[in-house]
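The structure appears right after this line, and notes come after that.
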There are 4 protein chains.
Amino acid sequence: MTPMYRDEQDLNQDVRAACVRACNTCAEACNACADACLGEPEVADLVRCIRTNLDCADMCATAAEVLDRFRGDHPELVRAVLDACAVVSAVCADETRLNADRYAHCKAAVDACERCAAACAAMLREPVLL
Amino acid sequence: MTPMYRDEQDLNQDVRAACVRACNTCAEACNACADACLGEPEVADLVRCIRTNLDCADMCATAAEVLDRFRGDHPELVRAVLDACAVVSAVCADETRLNADRYAHCKAAVDACERCAAACAAMLREPVLL
Amino acid sequence: MTPMYRDEQDLNQDVRAACVRACNTCAEACNACADACLGEPEVADLVRCIRTNLDCADMCATAAEVLDRFRGDHPELVRAVLDACAVVSAVCADETRLNADRYAHCKAAVDACERCAAACAAMLREPVLL
Amino acid sequence: MTPMYRDEQDLNQDVRAACVRACNTCAEACNACADACLGEPEVADLVRCIRTNLDCADMCATAAEVLDRFRGDHPELVRAVLDACAVVSAVCADETRLNADRYAHCKAAVDACERCAAACAAMLREPVLL
């Protein structure tokens, strides 16, 4: 029994590529924000931000890899991963926004998280994932 | 503004530790299964198994790290990650079960995936995550 | 005892940023090549390529994160990681080159691996790492 | 051209398995130490420890995966990765030892790092890697 790949007509490859990119960019911005927070004198006030950044970076990296591997099999698996990524990046956007006035790295994380959440939502509207 | 950590009375630490362990064990079993599948003469029949294994390994590793970092903040983030991990490991259990009669590494992955899905479900019943 | 950060005059930030980018790009190209190989009818001939891709993707992702976190402490740690990344990406370039005539994804991996190896070599010539 | 796997008579599988386990255990101990440091009131004094922990966790996870996938091909790749892992875990042992009197999580990291460095050194003495 060789694997069967669904026709990909139900999946706009541009939407997929944009989502992979948004997830990878978010992972990098969150890792960078976590590390920059570690270097701030007020690091003790930024612990929750750091932890949320690390969670978001891990989740986004996983989502990017899963989405990159997606060939039409197990759409429910991909949907679950993207649902989680959308929630995690929205929570991380809210958390990093608390510090975005003071730190450019937090502001950058907010932007990347918001774009990631939006890209996951767009991907979840693709017919193949409904 | 220092971070506030919720009292952890709503979180059974044994349940948490068991879930972290089950996720890490599942990640290792799935990575091992993917690699063993690559070494089988019938690798062309195992491509979907390999891809699902890799997805599951990534998701489980992320879930283990997120759960390890959990201190009571953002329970909705943790819930989303565990929901995804439960779905992914259940799908991977079904996928690897298709080959479990022929390959011991697939059988080992089935077992690890089922235990991981059950551990995530148990963790999701902890009051702190409801 | 608060951590002491060395003056970064011995580290050209452009060289560092280029190396981080080359490592991340290589990780993505190698993961993509591994997955595309899995989808080829001749997957059985591509197993060594897939394994080397996965090794290289892991090593490059680690190198990118380590280099991103580098603030002047423990240069011997960073040097060891970059040495390894340079070797791994050079080996992966050689491996993927074997299939580069047939598969565009292997050719893309060759290019990304070569650029990554060169970027690591350039970074290793920075005074802070000598 | 199907891949050729060397006879593994030059590789003691117990040594390999012990090394994979030591790397995975070290990654978990270092991630746990980094996170516990984030929760300490003196987090500002532990920033270098946290960063080194994160570097070590990434490197050890990569080494474990590379070693798990090793089938005799490209021993120079595996040697480079294990060399790096041995250096990184030794540096991390030294760094975490600075705080080992005060924090049990740092002491646990010291032990895991030392065992990991020793396991990598033992693996590097296997004939297949010379």
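Heavy atoms only: backbone and side chains are in, while hydrogens, waters and symmetry mates are out.
Across all their heavy atoms, B:A84 and A:A84 have their closest contact at CB-CB, 3.6 Å.
Looking at B:V66, both its backbone and its side chain come within 4.5 Å of chain A, counting heavy atoms on both sides.
Heavy-atom pairs under 4.5 Å with chain A peak, among B:E42, B:R79, B:E76, at B:E76. For the set A:V87, A:L54, A:V78, A:V81, the count of heavy-atom pairs under 4.5 angstrom toward chain B peaks at A:L54. Comparing B:L82, B:T52, B:T62, B:D83 by heavy-atom pairs within less than 4.5 Å of chain A, the highest count is held by B:T62.
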Task: B:I50 and A:R69: CA distance, side-chain angles, deciding distance, side-chain contact (heavy atoms from CB on, under 4.5 Å) verdict - done: CA-CA 10 Å; B:I50 294 169; A:R69 272 192 291 265; over 6 Å; no

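Salt bridge absent: A:R51 and B:D68 never bring a charged side-chain N and a carboxylate O closer than 4.0 Å.
Annotation: side chain of B:M59 is not in contact with side chain of A:E65 (no heavy-atom distance under 4.5 Å).
With rounding to the nearest 0.5 angstrom, the SG atom of A:C49 is 11.5 Å from the CG atom of B:D73.
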